[in-house]
Amino acid sequence: MDAFDLFRKLGAGAKFDLKRFGQDAARFKTHKPKGTDVSDPFSSIDYFGKASTNKPQEDDCEDGEVLNESEESDAGDKRKRKHEQTDVKTNVKKRKKSKVANIAEPNKPSGGEGISWTSDLDKKILNLQNGDKEKNSLKRLKHLHQEKVNRIRAQHRINVHGCDVPDPLCTFEELQSEYRLHSRILQNLNDAGLDSPTPIQMQAIPLMMHVNKDTSILTLCDCSGKTLAFCLPLLSHLQQPANLGFRAVIISPTRELATQTYRELLRLSDGVGFRVHIIDKASLAAKKYGPQSSKKYDILVSTPNRVIYLLNQDPPALDLCSVEWLIVDESDKLFEEGKTGFREQLATIFLACSGPKVRRAFFSATCTPDVEQWCRLNLDNLVTVNIGHRNTAVETVEQELLFVGNEDGKLVAMRNIINKGFLPPMLVFVQSIDRARELFHELVYEGINVDVIHADRTQQQRDNVVKSFRSGHIWVLICTALLARGIDFKGVNLVLNYDFPTSAVEYIHRIGRTGRAGHHGRAVTFFTENDKPLLRSIANVIKQAGCPVPDYMIGFKKIHR
DNA sequence: GTGCTCG
């Protein structure tokens, strides 16, 4: 297999653009570490290699339809068979693992690669395997313990799937006692007023702490607290600053989200000395991280294309071979296919993380059938965690569908909301950049503090808008999909879907900007005759979140492609 | 349709 072949396989079935990636592929070949087995350092070969042969099946679901647990049986037989296959695979692995555990020497610490995690209780059981007397009572103890864990998970609606999933964490203090988290970080947490973990943090943190190399984690969570859920184990895992170059990379779909994550990391690691970096401008960063620079950095937060730009320099201005953790935030967006899709960009970055112990974690609020299928097919040792029902909107948001007739009706209804007196801040979502501009010009003369954000504005403008929206100077912010994901504004009171969302997933992301951290929020969605095709799937989401919806909408026929 | 390098 030559480098091009290899690279094509690594591209996860993404369209292979020879012109664009030829250079990468060639470099990949020359960068192969000397004297190492090909299959070893590039564990990602398996990871992507299967993709080209097992390209995910056409999805049986209707376009944009959310796959609910209850509806899963509706999906085609193909999917079912696939799930069964995966289950069999998991069982085999489970058996293998328990075999390893049985032959392990009782007094040796069981930290080998075969056993990913053993609780204290498990260790006791191993130690006493030959002493039958206490064996039974210990078994009972273990059973009780498992029941307790199950109860905690049920209480917080934590669902896990995969083998060797560690127990949930109940207090942040356990991080210090169990994982030697820097005491200063714990103090920073307390200073920020964070005293107990949210459900996603309870499960994702211990999971990331126990994970082996080559294990991947998929985390689905509609609640806030995701950023902390991966930042804490990351800092805990890196222990302290080291001059090895970047050891962790976090990829976000928008610059705004990257900035937010970066700031969270700074706040969290204050006083510990970790060198956290965000690429503000790739051309500047080229000097900063280039071959001549010393390797005094630890964590990188960035959008994908900036990383790629640096990797494409000759010689590469960024070295990711010491990366131990690769975290993909809002991964469903980043897995989206498109003409110049995020997916190929991710493939390039995965490739560049060529270290021997890369762990990967994917975080997202929603799970498109695409992402899940892809993960199941391509990742070994996949563990998934999801909180609550998958693909549902948060329950703290009061949701409403409003028929406005036609385009003109939207403006009338919008003015109506404003005149009736609304509680700012309000986030208004539109379909395109042009429509964002138009609506802005309509509203700017109304005497309300309104501004607009989209990717065509300069970075300076974007930063300013976000800042003044956070500080309350802007009451109404018109935006495109740019702000749909992950951005955490404190106390957005109303999300207005001025243009109908393009899918149920998009809808869930948009309204997730309100009702955060347990606060009450409201979401109003305008619809016209033209929006009928997607009305049903979104009405379903709203209904499932417990908000009233007219029955006739649910009765609409499913759309088929 | 949206968002992701540089100049």
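These numbers come from the heavy atoms of this one structure, side chains and all, not from hydrogens, waters or symmetry mates.
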Ranking B:dG1, B:dT5, B:dC6 by distance to the side chain of A:Q431, first place goes to B:dG1
In short, side-chain hydrogen bond (donor to acceptor under 3.5 Å, both in side chains) pairs touching residues 475-491 of chain A with sequence neighbours left out are A:D332-A:R485, A:R485-A:H509, A:D488-A:R516
note: A:D499, atom CG; B:dG1, atom P; distance rounded to Å ~ 13 Å
Between A:V276 and A:S269, the two heavy atoms sitting closest are CG2-OG, 4.2 Å
When we call it a touch if two heavy atoms are under 4.0 Å apart, what does A:L334 touch: a base, just sugar-phosphate, or nothing? nothing
Whole-Å distance, A:I278 CD1 to B:dT5 P, equals 10 Å
Do A:Y498 and A:F429 make the cut of ring centroids closer than 6.0 angstrom?
-> no
Between CD of A:Q345 and P of B:dT5 the distance, given in whole Å, is 8 Å
message = Whether A:R457 contacts B:dG3 is assessed here as follows: a side-chain N or O lying under 4.0 Å from the phosphate OP1 or OP2. Is that the case?
response = no
From CD1 of A:I279 across to C1' of B:dC4 the rounded distance in Å is 12 Å
When rounded to whole Å, the OH to P distance for the pair A:Y498 and B:dT2 reads 17 Å
Report yes if a side-chain nitrogen or oxygen of A:R306 is closer than 4.0 Å to either non-bridging phosphate oxygen (OP1 or OP2) of B:dC6; otherwise report no. yes
Sorted by chain and residue number, the side chain to side chain donor-acceptor pair (under 3.5 Å) partners of A:R437 (sequence neighbours excluded) come out as A:D434, A:D456
From CD of A:E256 across to P of B:dG3 the rounded distance in Å is 10 Å
Rounded to whole Å, the CZ-C1' distance (A:R510 to B:dG1) equals 11 Å
Side-chain atoms of A:H454 come closest, of B:dT2, B:dT5, B:dG3, to B:dG3
Across the strands shown, which category fits A:K281 at heavy-atom distances under 4.0 angstrom: base, sugar-phosphate, nothing?
sugar-phosphate
Closest of B:dC4, B:dG1, B:dT5 to the A:Y309 side chain is B:dT5
The answer to which of A:A481 and A:V307 contacts DNA chain B further toward the 5' end, by nearest nucleotide, is A:A481
- request: Verify the contact: side-chain N or O of A:T303 to OP1 or OP2 of B:dT5, cut-off strictly under 4.0 Å; return yes or no.
  value: yes
Scanning both residues in full, the closest heavy-atom pair of A:Y507 with A:Q399 reads OH-OE1, 2.7 Å
> Looking at A:T480, does any N or O in its side chain come under 4.0 Å of the phosphate oxygens OP1/OP2 on B:dG3?
Replying inline: yes
Check your understanding: Counting any heavy atom closer than 4.0 Å, what does A:R485 reach on the DNA or RNA strands: base, sugar-phosphate only, or nothing?
Key -> nothing
Rounded to whole Å, CG of A:L318 lies from P of B:dC6 at a distance of 14 Å
